[in-house]
Amino acid sequence: TGALDEASDLLARNDLTGGAAQLQAVIDHLPLERLPEGARLVLMACATQVSQIGAARLEYLLLILHTLHEAGMSTVV
């Protein structure tokens, strides 16, 4: 399984802290320059929030997952 699958699995098991850390790692290793501008901006903003507040705001974690899926990156990472 990939890093995104691992993050999704952690979140599904209610390990929000682990899932947040894994999603942060996914974003850190993405070729952001290859994403559409909107997706890149959303992911960068979410990464900033997650680095500051961790898993305290679940909506950032969900937005990361949604953005990666919509950008077609869910099968790449």
Side-chain angles (χ1 to χ4, degrees):
T1 62
L4 188 56
D5 289 337
E6 184 178 337
S8 297
D9 185 54
L10 289 167
L11 294 172
R13 288 185 283 139
N14 207 31
D15 181 356
L16 301 182
T17 301
Q22 187 64 30
L23 285 175
Q24 185 74 45
V26 166
I27 293 171
D28 289 345
H29 291 94
L30 278 178
L32 293 176
E33 67 280 354
R34 294 175 42 197
L35 295 176
E37 183 180 10
R40 182 173 57 250
L41 293 174
V42 168
L43 290 173
M44 289 170 51
C46 288
T48 298
Q49 292 300 317
V50 170
S51 71
Q52 293 174 358
I53 62 173
R57 301 277 305 269
L58 184 59
E59 58 268 29
Y60 287 114
L61 307 179
L62 296 174
L63 187 55
I64 291 169
L65 290 172
H66 174 74
T67 302
L68 290 171
H69 177 74
E70 288 300 311
M73 299 301 289
S74 59
T75 58
V76 175
V77 293

Output all residues satisfying side-chain contact (heavy atoms from CB on, under 4.5 Å) with Leu10, sequence neighbours left out; order by chain, then residue number.
Glu6, Arg13, Asp15, Gln22

For Ser8 and Leu65 the tightest heavy-atom approach is OG-CD2, 3.7 Å

Shared ILVMFWY cluster between Leu23 and Val42, side chains joined below 4.5 angstrom?
no

Is any side-chain heavy atom of Val26 less than 4.5 Å from a side-chain heavy atom of Ile64?
no

Residue set satisfying side-chain hydrogen bond (donor to acceptor under 3.5 Å, both in side chains) with Glu37, at least two apart, ordered chain then number -> none

Which distance, rounded to the nearest 0.5 Å, do you find between the CZ of Arg57 and the CG of Leu63?
11.5 Å

Do Gln24 and Asp28 have side chains that approach each other closer than 4.5 Å (heavy atoms only, starting at C-beta)?
yes

Which heavy atom of Gly54 sits nearest to which heavy atom of Ala20, and what is that distance?
C-CB, 4.3 Å

First locate atom CG of Leu30, then atom CG of Leu68, and finally report the distance between them rounded to the nearest 0.5 Å.
6.0 Å

For residues Ile27 and Ile53: do they belong to one hydrophobic cluster (side chain heavy atoms under 4.5 Å, members Ile, Leu, Val, Met, Phe, Trp, Tyr)?
yes

Hey, any chance Leu32 and Leu41 share a hydrophobic cluster, counting ILVMFWY side chains that come within less than 4.5 Å of each other, even indirectly?
no

Donor-acceptor under 3.5 Å (His66 side chain, Leu62 main chain)
no

